[in-house]
Amino acid sequence: MPELPEVETLRRQVEGALAGTVWERVTAVPASVFRTPARDLQDGLAGARLLRVGRRGKILLLAFDGGQTLLVHLGMSGQLLLCPPVSPPPRHHHLTVGLEDGRMLVYRDPRRFGFVRLARDADLSDLRELAGVGHDPLDGSRSWEEFASGFAGRAGAVKAVLLQQDMLAGIGNVYADEILHEARVQPTRGAGTLTPPEKKNLFHAVRDLLARAVSLGGTSFDEAFVDLFGRPGLYGMHLKVYGRSGEPCTRCHTRLKEATVGGRSSVFCPHCQV
DNA sequence: AGTAGGACCTGGTGGC
DNA sequence: TGCCACCAGGTCCTAC
């Protein structure tokens with residue numbers, strides 16, 4: 001569930017709150033989320049200083065001195081939490097980091113769809129986790145024509161294409177539905193059938209909607225996401241279709257429908273999305 | 001080649 | 001009240 005806006009919210013917070021801090025007392029509870037053995041995580045991170053925090057799609061990149069980078073993917077239930085000193089670690093914690101000032105950084109992921117990997121900077125370009133990450137929608141250097149060319153030859157539903165991380169990185173099920181509603185395109189439409197004006201609308205909807213969601217700290221649905229300080233994102237109250245099947249469309253008041261597209265539940269307006 | 005669908009995992013929910 | 005089947009999601013893997 002954490003998608004680009006939620007991960008970007010965390011990136012800014014982690015960098016703002018923790019850049020320059022030394023990670024002491026690193027404890028890794030062995031779990032399937034670790035793609036680096038727990039012992040190697042502990043040995044590699046203990047005493048390291050966090051320099052900066054980047055993002056590729058939904059993956060956080062925590063760069064440390066000593067030439068190492070920690071990759072963190074939140075899957076659908078992952079959280080990074082900054083806890084006060086001497087508080088007990090929350091349930092389902094996998095990685096806990098004692099900081100210099102006594103606070104504790106916790107990575108937890110109840111459903112374990114996320115992953116954590118520690119890599120040498122020199123090896124980053126070879127990692128399979130990063131190989132399939134495409135263009136970042138918030139990077140303004142791309143024209144709508146370049147965006148549109150990515151749809152050429154794609155035979156699947158337009159929503160399935162939006163979810164493919166190798167083309168456009170960071171969009172998940174929630175924002176895909178919201179973007180398609182804003183662009184007035186049905187999720188089941190074949191990607192190759194979109195007209196140039198529709199692709200232009202979609203391009204702007206992707207950028208505008210994700211930027212708005214970032215500015216509100218992302219979306220917290222069923223409390224699946226909270227930020228570094230345990231607070232929910234505020235974009236949830238602006239959702240137009242996700243989680244609203246059967247309710248009236250905010251634009252034309254037609255009852256919203258639900259369908260399965262690309263194996264994912266999808267909500268859309270059968271009237272004003274064509 | 002490109003697409004579709006299942007597996008992974010577990011908390012929450014709805015039905016009996 | 002208690003139990004169980006089922007659903008949600010992102011990504012990887014396998015099957016067409």
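Every chain is numbered from 1 and lettered A, B, ... according to where its sequence line falls, protein lines coming before strand lines. Model, not experiment: these values are computed from the prediction.
Within 6.0 Å of CZ in A:Arg39 there are 12 or fewer heavy atoms belonging to other residues, nucleotides or ligands. By the 6.0 Å contact criterion, NE2 on A:His204 is enclosed, its count of non-hydrogen atoms from other residues, nucleotides or ligands being greater than 12.
Distance A:Arg117 CZ to C:dC12 C1': 14 Å, rounded to the nearest Å. Put simply, CD on A:Gln164 is 14 Å from P on C:dG10, counting in whole angstrom units. For the pair A:Leu74 CG and B:dC9 P, the computed distance is 19 Å after rounding to whole Å. For the pair A:Tyr175 OH and C:dG10 C1', the computed distance is 15 Å after rounding to whole Å. Put simply, CZ on A:Phe225 is 18 Å from C1' on C:dA8, counting in whole angstrom units. Nucleotide B:dG11 holds its C1' atom 12 Å from the CG atom of A:Asp109, rounded to whole Å. As a whole-Å value, the separation of A:Leu4 CG from C:dT11 P is 11 Å. The separation between A:Leu168 atom CG and C:dG10 atom P is 14 Å, rounded to whole Å.
Rounded to the nearest 0.5 Å, atoms CZ (A:Arg120) and CG (A:Asp126) are 11.0 Å apart.
Side-chain proximity of A:Arg35 to the nucleotides B:dG11, C:dG10, C:dC12 is greatest for C:dC12. Here C:dC12 is the nucleotide among C:dC12, C:dG10, B:dG11 with the atom lying nearest to any side-chain atom of A:Arg128.
Nucleic acid contact class of A:Ser77 (heavy atoms, under 4.0 Å, all strands): none. The residue A:Gly172 sits close only to the backbone: its heavy atoms come under 4.0 Å of sugar-phosphate atoms, none of a base.
Using a 4.0 Å cut-off between charged side-chain N and carboxylate O, A:Glu15 and A:Arg52 make no salt bridge. Between A:Arg117 and A:Glu129 a salt bridge is recorded (basic side-chain N to carboxylate O distance below 4.0 Å).
A donor-acceptor pair shorter than 3.5 Å can be found between the side chains of A:Thr219 and A:Tyr175. Side chain to side chain, A:Glu6 and A:Thr9 fail the donor-acceptor criterion of an N or O pair below 3.5 Å.
A close approach under 4.0 Å does not occur between any side-chain nitrogen or oxygen of A:Gln165 and OP1 or OP2 of C:dG10. Regarding contacts with the backbone of B:dG11, a side-chain N or O of A:His92 is found under 4.0 angstrom from either OP1 or OP2. Phosphate proximity of B:dT10 to A:Arg112: present, with a side-chain N or O under 4.0 Å from OP1 or OP2. Between A:His73 and C:dG10 there is no side-chain polar atom (N or O) within less than 4.0 angstrom of OP1 or OP2.
Side-chain to base pairing of A:Arg264 with C:dT11: one donor and one acceptor N or O lie within less than 3.5 Å of each other.
When the nearest nucleotides of DNA chain C are assigned to A:Arg111 and A:Leu163 by heavy-atom distance, the more 5′-ward of the two goes with A:Arg111. Residue whose closest nucleotide on DNA chain C sits further toward the 5' end, between A:Glu258 and A:Lys58: A:Glu258.
Stacking of A:Arg142 on the aromatic ring of A:Phe147 is not recorded, the 6.0 Å distance cut-off and the 45° axial limit not both being met.
Comparing the local axis fitted to the first five base pairs of the helix from B:dG2-C:dC16 to B:dC16-C:dG2 with the one fitted to its last five gives a bend of 50°, rounded to 10°.
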